[in-house]
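Lettering follows sequence order; numbering is per chain, from 1.
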There are 2 protein chains.
Amino acid sequence: MVGSYLERAGYVAPLVHTGPDAIDTAHAVQPDVIVLDLGLPGLDGVEVCRRLRTFTDCYILMLTARAEEVDTIVGLSVGADDYLTKPFRPRELVARVQTLLRRPRDQAPSIAQPRTFGSLTVDAVGRRVTLAGQPVGLTRTEFDILALLTASPAVAFARRRIIDEVWDPAWVGDEHVVDVHIAHLRNKLADDPAEPRYIDTVRGVGYRMVTS
Amino acid sequence: MVGSYLERAGYVAPLVHTGPDAIDTAHAVQPDVIVLDLGLPGLDGVEVCRRLRTFTDCYILMLTARAEEVDTIVGLSVGADDYLTKPFRPRELVARVQTLLRRPRDQAPSIAQPRTFGSLTVDAVGRRVTLAGQPVGLTRTEFDILALLTASPAVAFARRRIIDEVWDPAWVGDEHVVDVHIAHLRNKLADDPAEPRYIDTVRGVGYRMVTS
DNA sequence: CTGAACCCTGAAGAAACGATCAAGAAGCCG
DNA sequence: CGGCTTCTTGATCGTTTCTTCAGGGTTCAG
């Protein structure tokens with residue numbers, strides 16, 4: 001469906017159905033735009049995107065399932081230029097592609113690099129955290145909070161903001177859940193709240209990464 | 001809602017509510033991104049977009065009602081760079097804006113920068129204050145007052161105004177609480193009320209940043 | 001010059017806040 | 001369906017922060 005609409009709009013649109021094929025084909029044809037379905041079998045779509053970004057700076061338009069909004073945010077941070085949530089209308093897709101092609105090109109695509117804070121390393125794409133080289137086992141929520149904080153280390157995040165981004169804006173409940181997860185995080189990172197090396201408490205507001 | 005989310009994300013986001021206002025404001029502030037609601041009264045949103053394009057090449061993100069797919073196509077053809085259909089989640093909007101701003105631009109994006117007054121630096125997003133490079137530990141209220149004053153250094157803020165903005169318009173109590181917090185602030189900033197370098201007393205009114 | 005209004009500041013009680021723990025609920029995996 | 005992990009709630013405790021109050025200084029108008 002995607003391919004036929006793009007071709008009817010005048011584009012040459014080779015189709016592949018697996019992640020490895022996508023990477024091979026991208027190498028071979030050097031496309032201007034890649035429409036990437038996150039539901040691709042054989043390899044995680046985000047991972048495909050990251051790999052594509054290692055050798056091409058062409059536009060990447062992601063297709064995601066409506067349910068996973070988090071994916072879209074990750075997608076954009078991983079180097080995608082735009083995304084569409086399913087179900088979408090074919091004309092929308094075509095319009096997006098056209099818009100992308102009207103744009104000037106980015107010379108330096110931003111690949112989500114692992115971020116380091118002292119001996120702490122946060123790999124947002126691989127969802128891995130290491131402390132002094134040792135892997136740290138974090139739960140999903142703990143990781144997401146840490147990923148959010150480390151993504152913008154200069155920003156003081158309000159509890160509500162953390163909830164909006166990590167949970168869902170529609171979430172209802174006590175904002176201080178965040179505190180508990182932060183406590184667990186600090187515990188696992190051997191971080192003393194009174195003398196924090198990683199996570200700062202911003203009293204009356206929320207939390208922020210320590211930037212010395 | 002749109003404005004508050006963008007501001008929380010660190011952007012300066014003036015709000016206007018009619019098409020003519022949008023055009024005037026765009027002329028005045030030369031924005032990096034315009035978020036344009038197609039449902040704007042007073043002028044057809046598409047027409048507003050067309051007129052904006054006559055004098056600016058900033059990014060335009062359109063907000064449209066889900067029902068009108070045609071609008072989105074027209075919108076893109078008329079010069080919008082992206083669009084979102086309502087209802088959308090605030091995070092989506094912020095992510096889209098951020099993606100737009102990651103694109104190569106002629107000028108640097110105007111993300112809220114730390115403000116400096118002599119050797120005083122106020123970082124509103126990170127909620128950090130430094131004096132001659134040294135971090136200053138402010139309480140929430142102290143910081144909020146300073147952030148308010150520095151946001152509009154030319155404005156003399158009445159005590160009541162400060163309370164409305166920093167506390168809550170519903171707050172009841174003695175307006176002169178502000179004085180106490182100002183005193184603490186001045187103390188921490190080594191600011192002498194008789195010879196203020198940062199915070200001026202406006203007798204009978206309130207306080208204002210020193211503008212030398 | 002003088003009184004009244006206004007402002008500054010220190011101190012102390014009151015309120016708010018954050019860290020932590022434990023227990024129950026919910027979710028996930030086999 | 002269990003067993004296990006993870007999440008959420010609620011309560012407690014120590015600490016920080018806010019507010020009030022009062023005394024004393026400063027400014028301004030008459």
Side-chain angles (χ1 to χ4, degrees), chain A residues 67-68 70 127 129 136-149 156-168 170-208 210, chain B residues 127 129 136-149 156-160 162-168 170-208 210:
Chain A
E68 289 299 326
V70 173
R127 297 186 68 86
V129 173
V136 182
L138 298 183
T139 70
R140 185 182 62 85
T141 305
E142 285 159 15
F143 179 86
D144 286 343
I145 291 175
L146 186 61
L148 176 66
L149 295 184
F157 286 88
R159 286 180 181 76
R160 184 69 236 181
R161 168 98 184 273
I162 294 175
I163 287 170
D164 284 354
E165 306 240 6
V166 172
W167 280 253
D168 189 277
W171 187 91
V172 285
D174 188 353
E175 277 186 7
H176 286 275
V177 217
V178 177
D179 298 23
V180 179
H181 291 289
I182 291 283
H184 293 161
L185 256 175
R186 281 172 165 163
N187 193 27
K188 290 180 179 178
L189 301 180
D191 205 21
D192 177 12
E195 201 63 46
R197 276 173 299 172
Y198 303 117
I199 301 175
D200 244 344
T201 300
V202 184
R203 197 160 224 279
V205 178
Y207 300 92
R208 175 187 53 204
V210 173
Chain B
R127 298 187 67 88
V129 173
V136 182
L138 299 183
T139 70
R140 180 170 60 102
T141 305
E142 286 158 15
F143 179 88
D144 285 343
I145 291 175
L146 185 62
L148 176 66
L149 296 183
F157 287 88
R159 287 180 180 75
R160 185 67 235 179
I162 294 175
I163 287 171
D164 284 352
E165 305 239 6
V166 172
W167 279 251
D168 189 275
W171 187 90
V172 285
D174 188 353
E175 277 187 7
H176 286 275
V177 220
V178 177
D179 299 21
V180 178
H181 292 289
I182 291 283
H184 293 161
L185 256 175
R186 283 171 164 161
N187 191 30
K188 290 180 178 178
L189 300 180
D191 205 22
D192 177 11
E195 200 63 46
R197 276 173 299 172
Y198 303 117
I199 301 175
D200 246 343
T201 301
V202 184
R203 210 183 156 80
V205 179
Y207 300 93
R208 176 187 51 206
V210 173

| Contact under 4.0 Å: A:W171 side-chain N or O vs D:dT8 OP1/OP2 | yes

| field | Per B:D179 side chain, nearest of listed nucleotides D:dT15, C:dT20, C:dC8 | value | C:dC8

| task | For A:R186 and C:dG18, give me the distance from atom CZ to atom P, rounded to whole Å. | result | 11 Å

| Relative to the 5' end of DNA chain C, which residue comes earlier, B:D192 or A:V205, by the nucleotide with the nearest heavy atom? | B:D192

| salt_bridge(A:D192, A:R197) N-O dist < 4.0 Å | no

| Side-chain N or O of B:R140 closer than 4.0 Å to phosphate OP1/OP2 of D:dT16 | no

| request: Mind calculating the distance between CZ (B:R203) and P (C:dA4) to the nearest angstrom? | output: 15 Å

| request: Considering just the side-chain nitrogens and oxygens of A:H176, establish if one lies under 4.0 Å of OP1 or OP2 belonging to C:dA19. | output: no

| message | Check this one for me: any side-chain N or O of A:T201 less than 4.0 Å away from OP1 or OP2 of C:dG18? | response | no

| task | Check whether any side-chain nitrogen or oxygen of B:W167 sits under 4.0 Å from OP1 or OP2 of D:dC18, and answer yes or no. | result | no

| Hey, is the side chain of B:T139 poking within less than 4.0 Å of OP1 or OP2 on D:dT16, counting only N and O atoms? | no

| Is the shortest heavy-atom distance from the side chain of A:R159 to the side chain of A:H176 under 4.5 Å? | yes

| task | Would you indicate, yes or no, if C:dC8 has its OP1 or OP2 atom less than 4.0 angstrom from a side-chain nitrogen or oxygen of B:Y207? | result | yes

| Does C:dG10 have OP1 or OP2 sitting under 4.0 Å from an N or O in the side chain of B:H184? | no

| request: Apply the side chain to side chain contact (heavy atoms under 4.5 Å, CB included) test between B:I182 and each candidate in B:I199, B:T201, B:V177; give the one that qualifies. | output: B:I199

| query | How long is the line joining CD1 of B:I163 and P of D:dC18, in whole Å? | reply | 13 Å

| Distance in angstrom units between B:D200 CG and C:dC7 C1', rounded | 14 Å

| task | Could you give me the CA-CA distance, side-chain angles and deciding distance for B:R140 and A:V202, then say whether side-chain contact (heavy atoms from CB on, under 4.5 Å) is met? | result | CA-CA 8 Å; B:R140 180 170 60 102; A:V202 184; over 6 Å; no

| Can you tell which of C:dC7, D:dC7, D:dG10 lies closest to the side chain of A:V180? | D:dG10

| task | Begin with the C-alpha distance, continue with both residues' side-chain angles, and end with the deciding distance and a verdict on side-chain contact (heavy atoms from CB on, under 4.5 Å) for B:Y207 and B:L185. | result | CA-CA 12 Å; B:Y207 300 93; B:L185 256 175; over 6 Å; no

| field | Out of D:dC18, D:dT26, D:dT9, whichever nucleotide has its closest atom nearest the side chain of A:V177 | value | D:dT9

| remark: B:I182 atom CD1 is separated from C:dC6 atom C1', nearest whole Å, by 15 Å

| query | Contact class for B:F143 (heavy atom, under 4.0 Å): base, sugar-phosphate, or nothing? | reply | nothing

